[in-house]
Structures are given as structure tokens and as C-alpha cells.
Peer 1: 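Input: one structure, supplied below.
Note: hydrogens, waters and symmetry copies are ignored here, and every other heavy atom, side chains too, is used. The shown structure was predicted, so the numbers you read here are calculated from the model rather than taken from an experiment.
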Amino acid sequence: MPTIPDRNLALELVRVTEAAALGAGRWVGRGDKIAADQAAVDGMRAVLDTVAMSGVVVIGEGEKDEAPMLYNGEEVGNGQGPEVDVAVDPLEGTRLTATGQPNAIAVIAVAERGTMFFPGAAVYMDKIAAGAEVAGAIDLDASPQDNVRAAAGAKGVKPSEMSVVVLDRDRNQELIAGLRDVGTRVVLITDGDVAPAIAAANPRRPVDLMMGIGGTPEGVIAAAAVKALGGAVQGRLWPRSDDEREAIVGAGLDPDVKLTTDDLVGGDNLFVAATGVTDGALLSGVRYTRDGAETDSIVIRSRSGTVRRVQAWHELDKLARFSGREYR
């Protein structure tokens, strides 16, 4: 049995995120984030079982007693392919979907078995993500001002020409003030920092850095994509309380250590696929017509450095007959 993922896996994974996006897309703007998330999980899980791999979910929907599908530790794939770690977010941006806001995506990342960081009780992480051009210039221990100056210097531009995406949270207000102190354009988002992190690593997107305290699982998924694009992510676990710090330490993790890209995803053979649910900086959302739907996806393979943009047209009636699932 093969143990290393091959190039055929990349385009199989985009079918997984397309199914999740098509499931969630019908719930855009309907105000029900739970139903949107469940539709994405159902769609992703159904197609994931057909992928030729022997996968274990490292980053999923939660523990088994909380998540009946795509829970941490669940075995996925048809069991006949390479042994891999799998990180999924069937719907990153449940609230964005429910309220019809930008940047909701379905995303999956796959790496060689045993190479993905498992965050355990660590819910939040302070992180910074950048593309290849400035990967060597960023440092999580530096001030926001110094990071922007260093990144701007690496790009050959002024700090005022830089754009940094930050989650709009009280915990990030000091960071936001520091960025604005050097005249940087700060793009505030309400939810979902995986898509902006990927955009920051993609030289064809108008984002230079992603910074701030956000979800730890999202940080691992983002690290896989950013690494595959040649960029870098640095992070540090951010416990919200003494009890959470104790739980993190009890799990053998050090909340004071600065984690590198390789700490978060150690493998060099990575595959990432993402499909837009709503329009955003990275991808367009699902478009429905009377006869079908159009999806916009990105597929990344680290070993070859290939980044594919996949625009697909789905005839929903045929897809329903083929898959046994209803998409209307």
C-alpha cells in the first residue's frame, strides 16, 4: 500500500470542497448558521469517503461526542490509498454564510501521516501569515509596527502601501492600533481567517499579511496552505484562562513557545483544496441558476508548487442522481 500521497489526490480533494460548498450555498443569507454548517458537513463527508486515501481527521468538527461526523480521530477516505492526516473545515464562516457576508469557504488540507499539529484544548492562537516574498522578514515576537516595516522593506514598498487582514475582536485592538500607527491599511473581518491567510500567501491577491489572535484549528489549516504556497506562518497558543493553560500544559504543549510553519505542518507533501461559498478576497461564492450551479475553487500541491483555479459547472439534477444527495 502506498504511504506517500501522489498528484492524483489533489484534484480528488476539490470534489470534496465543492460538495460542501454546494450544500452550504443554499443557506447563504437565511440566518441559520447551524443548518448551513450541517449541510456542508453532510456534503463533505459523503464525498470524502470516495477519496483514495487512508485518512485520519486531525482537525475536524470537534470531539466524537460533540460531532457525529468529521470528528477528531475519525477515519476517512476509502482506506485504499496513502496514509494521511486530514484537516477539514466544511464551512469556515458559518456566520458569514448565515448573514450573506464575504469570505466563507469550504476547505480541506491533507499531509503525510503524523505531520499535522494537534491543538487539543488550545482554542485560540496568536498568528501571523505571509507569502514567500516576505516569509523571512516576519517575526511573531516583533511589534506589529516592526513586522509591517520589515515586510514592506522585503517587498520594496512603504508601510502605508501594505494591507493587513485582522479579525475584528477586542483581543486584537492593540494590534490594530499598532498597525494603524505606521499608516498600514487594516482590513477588518468578522469571521474566518483561513481564506485571508491563503490570500496573503498568494501574490495574485491584494493582501500582504494576516495577523492577530484567531482559532488554532484554522491556524493549522492555514499553515498547510501557506506552506504549500511557499509562505510562512508563525503562531503561539493563546489560552483564555488559567484552567485552559493548565489543560494545554497537561496535554504536553507549551503555550509560550513560538510555533513555526514546520511545527504546525511538518510534511513537505501537502494538498489543499478550497471552494468559495460566498464571494471573497480569495474565491467567488456559489452561483445558482435555474439549471445548475457554478463553483470557484483553488487547489494547491506543495511538491510541484502548482496552484490551480478550478471553475466548475454542476448540473444539479444529474449530480443528485449520481450521488444520491439533493442539491436543490
Side-chain angles (χ1 to χ4, degrees), residues 8-51 61 69-70 76-77 86 88-110 189-192 194-196 198-199 202 204-205 221 225 271-301 307-328:
N8 296 325
L9 192 55
L11 290 176
E12 284 203 57
L13 293 176
V14 76
R15 296 189 301 108
V16 175
T17 55
E18 285 172 348
L22 287 168
R26 285 300 190 188
W27 293 93
V28 172
R30 293 190 177 185
D32 192 340
K33 65 179 185 179
I34 295 175
D37 188 51
Q38 188 62 59
V41 170
D42 291 344
M44 177 172 280
R45 188 65 174 82
V47 178
L48 196 54
D49 277 342
T50 71
V51 177
E61 292 288 280
M69 291 194 295
L70 299 177
V76 293
V86 179
V88 299
D89 199 338
L91 182 56
E92 201 224 5
T94 56
R95 182 163 52 181
L96 299 176
T97 301
T99 56
Q101 295 183 63
N103 287 319
I105 62 171
V107 61
I108 184 169
V110 168
I189 57 174
T190 58
D191 294 278
V194 173
I198 299 173
N202 189 333
R204 289 167 291 279
R205 292 293 159 187
I221 296 173
F271 299 89
V272 179
T275 301
V277 177
T278 61
D279 289 344
L282 182 66
L283 296 162
S284 298
V286 180
R287 298 275 197 278
Y288 290 99
T289 69
R290 181 187 304 174
D291 300 321
E294 185 177 355
T295 55
D296 183 26
S297 304
I298 189 171
V299 183
I300 309 166
R301 184 187 180 216
V307 180
R308 289 183 171 90
R309 191 72 175 265
V310 180
Q311 291 182 302
W313 173 256
H314 309 269
E315 294 192 30
L316 298 183
D317 289 339
K318 288 184 177 181
L319 189 60
R321 289 195 299 270
F322 175 78
S323 66
R325 298 186 53 78
E326 181 60 54
Y327 289 96
R328 290 191 179 278

Peer 1: List the steps and the verdict of side chain to side chain contact (heavy atoms under 4.5 Å, CB included) for Leu22 and Thr295.
Peer 2: CA-CA 8 Å; Leu22 287 168; Thr295 55; 3.9 Å; yes
Peer 1: Could you tell me the separation between the CD atom of Glu12 and the CG atom of Leu48, rounded to the nearest 0.5 Å?
Peer 2: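 Taking CD in Glu12 and CG in Leu48, the distance rounds to 10.5 Å.
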Peer 1: Using a 4.5 Å cut-off on heavy atoms from C-beta on, say whether the side chain of Val310 contacts that of Glu18.
Peer 2: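 Heavy-atom side-chain distance check passes, below 4.5 Å.
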Peer 1: Measuring from Leu282:CG to Asp296:CG, what's the distance to the nearest 0.5 Å?
Peer 2: 8.0 Å
Peer 1: What are the two closest heavy atoms between Ala21 and Ala106, and how far apart are they?
Peer 2: N-CB, 4.0 Å
Peer 1: At what distance, to the nearest 0.5 angstrom, does OG1 of Thr275 lie from CG of Leu91?
Peer 2: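 Going from the OG1 atom of Thr275 to the CG atom of Leu91 covers 11.5 Å.
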Peer 1: Any side-chain heavy atom of Arg15 within less than 4.5 Å of one from Thr50?
Peer 2: yes
Peer 1: Please report the C-alpha distance between Ile298 and Asn202 in whole Å, then the side-chain angles of each, then the deciding distance to 0.1 Å, and finally whether the side chain to side chain contact (heavy atoms under 4.5 Å, CB included) criterion is met.
Peer 2: CA-CA 11 Å; Ile298 189 171; Asn202 189 333; 4.1 Å; yes
Peer 1: Might you point out which heavy atoms bring Arg309 and Leu283 nearest each other, and give the distance in Å?
Peer 2: NE-CD2, 3.6 Å
Peer 1: To check you understand the geometry: which heavy-atom pair defines the closest contact between Met44 and Ala20, and what is its length?
Peer 2: CB-CB, 3.9 Å
Peer 1: Begin with the C-alpha distance, continue with both residues' side-chain angles, and end with the deciding distance and a verdict on side chain to side chain contact (heavy atoms under 4.5 Å, CB included) for Val76 and Arg45.
Peer 2: CA-CA 8 Å; Val76 293; Arg45 188 65 174 82; 4.2 Å; yes
Peer 1: Kindly say whether Gly100 contributes a backbone atom to a donor-acceptor pair with the side chain of Thr278 at under 3.5 angstrom?
Peer 2: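 Side chain of Thr278 to backbone of Gly100: no pair is present.
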Peer 1: Identify the two heavy atoms, one from Val272 and one from Ala109, that lie closest to each other, and give their separation to 0.1 Å.
Peer 2: CG2-CB, 4.0 Å
Peer 1: To the nearest 0.5 angstrom, please state how far the CZ atom of Arg301 sits from the CG atom of Leu11.
Peer 2: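 Going from CZ on Arg301 over to CG on Leu11, the span is 10.5 Å.
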Peer 1: Check Asp32 against Ala98 and note the closest heavy-atom contact, atom names and distance.
Peer 2: N-CB, 3.8 Å
Peer 1: Taking all non-hydrogen atoms of both residues into account, name the closest pair between Val14 and Ser297 and its distance.
Peer 2: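 Shortest heavy-atom separation between Val14 and Ser297 comes out as CG2-CB, 3.4 Å.
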Peer 1: Quick one, Asp37 with Lys33, criterion salt bridge (Lys or Arg N to Asp or Glu O under 4.0 Å). Give me CA distance, side-chain angles, the key distance, then yes/no.
Peer 2: CA-CA 6 Å; Asp37 188 51; Lys33 65 179 185 179; over 6 Å; no
Peer 1: With rounding to the nearest 0.5 angstrom, report the OG1 to CH2 distance, Thr94 to Trp27.
Peer 2: 13.5 Å
Peer 1: What verdict does the side chain to side chain contact (heavy atoms under 4.5 Å, CB included) test give for Met69 and Gln38, after you've listed the backbone C-alpha separation in whole Å, the side-chain angles of each residue and the deciding distance to 0.1 Å?
Peer 2: CA-CA 10 Å; Met69 291 194 295; Gln38 188 62 59; 3.9 Å; yes
Peer 1: Quick check for you: to the nearest 0.5 Å, what is the distance between Ser284 atom OG and Glu294 atom CD?
Peer 2: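 The distance works out to 8.0 Å.
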